[in-house]
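So the structure is just underneath, and the comments pick up after that.
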Amino acid sequence: MNPNRIPLWLLWAACLVPIGSQANDIEPGKEYYSAIHTPRPIVLDGDLNEWSGVPVLADPKFYIPKGSGPSGTGTLVLFEEYAGGTWTGPDDQTSAVQIAYDADNVYFGFVVTDDYHENAARSAWNGDSIQLMIANADRTQQVALYNYALGGVEEDPDLNNPANLVEAVRHEAGPPCITDGSCLTDVAIKRNTTTKKTTYEIRLPKAALGLAELKGGVKFGLGMAINDGDKDTPGQRGWGGLGAHAIVFGKTPGETALITLARKNDIEPGKEVYTANPAPKPIVLDGNLSEWSGVPVLADPKFYIPKGSGPAGTGTLVLFEEYAGGTWTGPDDQTSAVQIVYDAENVYFGFVVTDDYHENAARSAWNGDSIQLMIANAAQDQQVALYNYALGGVEDDPDLNNPANLVEAVRHEAGPPCITDQTCLTDVAITRNTTTKKTTYEIRLPKAALGLSTLNYGTQFGLGMAINDGDQDTPGQRGWGPGRPLDRLRQVPGRDGPGDPRRWWYRRRPHLPLGRESVARRLLLPGQQPRTLDLRSHHREAVH
């Protein structure tokens with residue numbers, strides 16, 4: 001019995017850009033961040049113990065000078081020196097950032113490694129400090145500017161006294177509730193002069209972000225400048241951070257990163273969104289991924305079992321879910337690596353599945369070693385298509401890689417009208433290497449098969465996948481990775497005979513509403529944001 005045809009998992013997207021072009025100055029792969037729901041209540045005390053499990057974004061780079069990312073002429077750096085400041089390496093200044101949310105607030109946890117704390121000016125920005133820009137979801141308009149700083153220098157014996165928190169200009173700009181004082185932000189900052197680390201713990205109420213609610217799928221733009229001064233060069237003498245050019249050399253919302261609040265589901269934290277890259281070379285469907293060199297790899301995402309236990313916090317995080325007597329003995333039994341690229345007409349998927357035994361004696365689209373895909377709309381609340389790919393046969397078949405063994409039946413289980421009239425059928429090449437024990441799937445989905453009319457920078461769609469596994473002693477669908485099952489299925493007797501496994505219908509369980517865990521993974525072709533280049537923004541006096 002096929003219990004759960006499409007396990008779903010969410011991908012984290014960074015930035016998909018046209019070849020040779022960047023939407024802004026942010027390091028490729030760092031423009032998009034998924035903020036998870038807080039694993040436990042956040043207490044603003046400058047101690048991040050309760051942040052365990054929240055994904056960390058460490059040391060994002062950016063192109064200098066400002067505006068050189070889209071032109072491809074810039075230099076990728078961790079830190080931009082300014083006004084005579086120098087950066088001697090990671091101990092001088094680097095950072096790690098975490099972002100989480102609950103029903104009422106978004107929280108930021110920063111750990112800044114810095115060899116000397118310098119804010120003698122007790123300024124909101126002119127010395128060691130963090131500046132945040134909040135932008136709207138389109139990243140075309142600034143919503144707010146907030147600044148956080150601990151006044152004083154490394155040698156001050158009472159440096160961590162809360163009285164040293166700089167209040168002036170903390171709320172430089174914001175929604176009306178900032179002006180009337182009803183949605184002010186809060187911060188705790190602690191400096192450890194032994195470890196040379198400064199911790200910032202920041203709380204932004206939803207209204208301070210210009211948002212009415214905080215829930216999965218909500219987006220906003222975020223830019224940060226982590227300013228640095230040193231003992232011999234005090235003040236703002238350089239900066240690092242995610243989207244730093246949103247703030248320095250003129251305020252530029254299009255230079256912010258896009259933050260998406262993750263849905264609460266069974267997906268491993270931090271894996272909800274994935275970015276597809278442009279194909280570096282023309283893709284040839286031959287089961288050989290040599291032309292995929294340089295494409296980011298998503299390897300072995302985990303998920304919580306049993307189903308529904310992720311939001312409850314009661315589940316176990318696994319790479320593989322055993323089913324119907326199947327067993328998983330470890331990574332050699334089944335693990336996977338996934339790559340996704342696109343061109344003007346198609347999205348391509350490259351899978352390398354490590355598996356000690358190829359088992360699809362049933363020559364089934366799902367009941368044995370196979371890959372199943374769900375395509376959903378961008379809102380992840382409607383199914384667009386169901387596609388299945390399998391190589392019929394078993395490990396010992398001498399002619400296993402013969403294309404005649406590709407399973408055609410039920411490949412296109414459901415899809416847009418162009419699937420019915422066969423004008424947008426998908427294609428696949430599958431090869432099994434019985435020496436390395438790896439199976440390669442190379443899949444092509446035309447844009448119409450995804451329910452899309454164009455594949456532009458910024459296009460989004462939902463993606464779910466199940467990588468099914470059987471073994472020699474336990475043939476059939478006996479478990480899956482890397483995601484959670486979509487739903488229970490029931491066999492429907494029909495003219496093909498009672499219990500024919502090709503005849504299925506979906507029955508939604510009432511406690512899994514469509515759009516939450518049902519249509520999970522969002523694939524982003526992140527969008528280039530309109531912006532105006534002001535040449536004056538490069539002038540030194542325009543930094544703050």
Side-chain angles (χ1 to χ4, degrees), residues 42-49 51 56-62 77-99 107-133 145-172 185-204 223-244 247-248 543-544:
I42 300 296
V43 179
L44 262 62
D45 57 4
D47 184 333
L48 304 186
N49 284 339
W51 289 71
V56 176
L57 177 68
D59 303 321
K61 298 178 181 178
F62 54 103
V77 300
L78 277 169
F79 187 89
E80 184 170 22
E81 298 173 345
Y82 173 71
T86 58
W87 185 74
T88 58
D91 289 339
D92 195 355
Q93 197 225 59
T94 43
S95 62
V97 185
Q98 295 171 281
I99 309 172
Y107 302 89
F108 300 86
F110 292 82
V111 177
V112 180
T113 299
D114 183 6
D115 55 3
Y116 187 86
H117 182 81
E118 197 297 306
N119 196 318
R122 298 183 180 272
S123 166
W125 59 271
N126 195 27
D128 288 5
S129 57
I130 290 177
Q131 297 178 265
L132 300 182
M133 172 185 279
L145 294 170
Y146 302 130
N147 308 304
Y148 306 95
L150 181 66
V153 297
E154 189 84 350
E155 295 87 1
D156 291 349
D158 200 27
L159 180 60
N160 284 318
N161 190 321
N164 288 324
L165 294 174
V166 177
E167 302 287 346
V169 204
R170 176 179 293 175
H171 300 97
E172 183 173 350
T185 74
D186 202 4
V187 65
I189 308 175
K190 283 188 177 180
R191 170 67 177 173
N192 188 319
T193 57
T194 301
T195 64
K196 302 299 182 182
K197 296 182 185 296
T198 307
T199 301
Y200 296 73
E201 203 166 15
I202 301 169
R203 178 183 63 85
L204 270 62
M224 59 182 76
I226 304 175
N227 297 312
D228 184 53
D230 289 305
K231 186 174 185 178
D232 297 332
T233 52
Q236 185 195 44
R237 297 305 179 99
W239 44 76
L242 179 65
I247 295 168
V248 299
V543 171
H544 167 66

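Just so it is clear, the structure is predicted and the values come from calculations on it, not from any experiment. The residues of the chain are indexed from 1 along the displayed sequence.
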Derivation of the side chain to side chain contact (heavy atoms under 4.5 Å, CB included) call for Val97 and Val56: CA-CA 6 Å; Val97 185; Val56 176; over 6 Å; no
Closest approach of Asn164 to Leu159 (non-hydrogen atoms, all atoms of both residues): ND2-O, 3.0 Å
Whether Glu201 side chain and Asp45 backbone form a donor-acceptor pair below 3.5 Å: yes
Residue pair Tyr148, Arg170: steps toward the side chain to side chain contact (heavy atoms under 4.5 Å, CB included) verdict: CA-CA 6 Å; Tyr148 306 95; Arg170 176 179 293 175; 3.8 Å; yes
Among Asp228, Asn119, Asn227, the one residue meeting side-chain hydrogen bond (donor to acceptor under 3.5 Å, both in side chains) with Gln236: Asn227
Arg237 (side chain) donor-acceptor with Gly229 (main chain) under 3.5 angstrom: no
Minimum-distance pair of heavy atoms, taken over all atoms of Lys197 and Arg191: N-NH1, 3.6 Å
Exercise: identify the closest heavy-atom pair between Ser123 and Ala149: O-CB, 3.3 Å
Point-to-point distance, once rounded to the nearest 0.5 Å, from CZ of Phe108 to CG of Leu132: 6.0 Å
Inter-residue atom distance Met224.CE - Leu242.CG, 0.5 Å rounding: 5.0 Å
Worked check of side chain to side chain contact (heavy atoms under 4.5 Å, CB included) between Asp186 and Leu204: CA-CA 7 Å; Asp186 202 4; Leu204 270 62; over 6 Å; no
Distance (rounded to the nearest 0.5 Å) between Ile99 CD1 and Tyr107 OH: 14.0 Å
Whether His117 side chain and Leu150 backbone form a donor-acceptor pair below 3.5 Å: yes
Separation of Asp59 CG from Thr94 OG1 (nearest 0.5 Å): 5.0 Å
Val187 vs Ile130 side-chain heavy atoms within contact, under 4.5 Å: no
Under 3.5 Å: donor-acceptor pair, side chain of Ser129, backbone of Gly127: yes
Distance flag, aromatic centroids of Phe79 and Trp239, threshold under 6.0 Å: no
Minimum-distance pair of heavy atoms, taken over all atoms of Ala124 and Ala168: CB-O, 3.5 Å
Step-by-step side chain to side chain contact (heavy atoms under 4.5 Å, CB included) determination, Phe110 to Ile202: CA-CA 8 Å; Phe110 292 82; Ile202 301 169; 4.0 Å; yes
From CG (Leu57) to OG (Ser95), nearest 0.5 Å: 7.5 Å
N/O donor-acceptor pair under 3.5 Å between Asp128 side chain and Glu118 backbone: yes
Heavy-atom donor-acceptor pair, Asp114 side chain to Gln93 backbone, under 3.5 Å: no
Any donor-acceptor pair under 3.5 Å from Glu81 side chain to Trp87 backbone: yes
Whether Gln131 side chain and Met133 backbone form a donor-acceptor pair below 3.5 Å: no
Backbone N/O of Asn49 and side chain of Asp47: donor-acceptor pair under 3.5 Å: yes
Heavy-atom closest contact (Tyr116 atom, Glu155 atom, distance): OH-OE1, 2.6 Å
Interatomic distance, Glu172 atom CD to Tyr146 atom OH [nearest 0.5 angstrom]: 11.0 Å
Asn192 to Thr195 - nearest heavy-atom pair and separation: OD1-N, 3.0 Å
Within 6.0 Å of CG in Asn161, more than 12 heavy atoms from elsewhere: yes
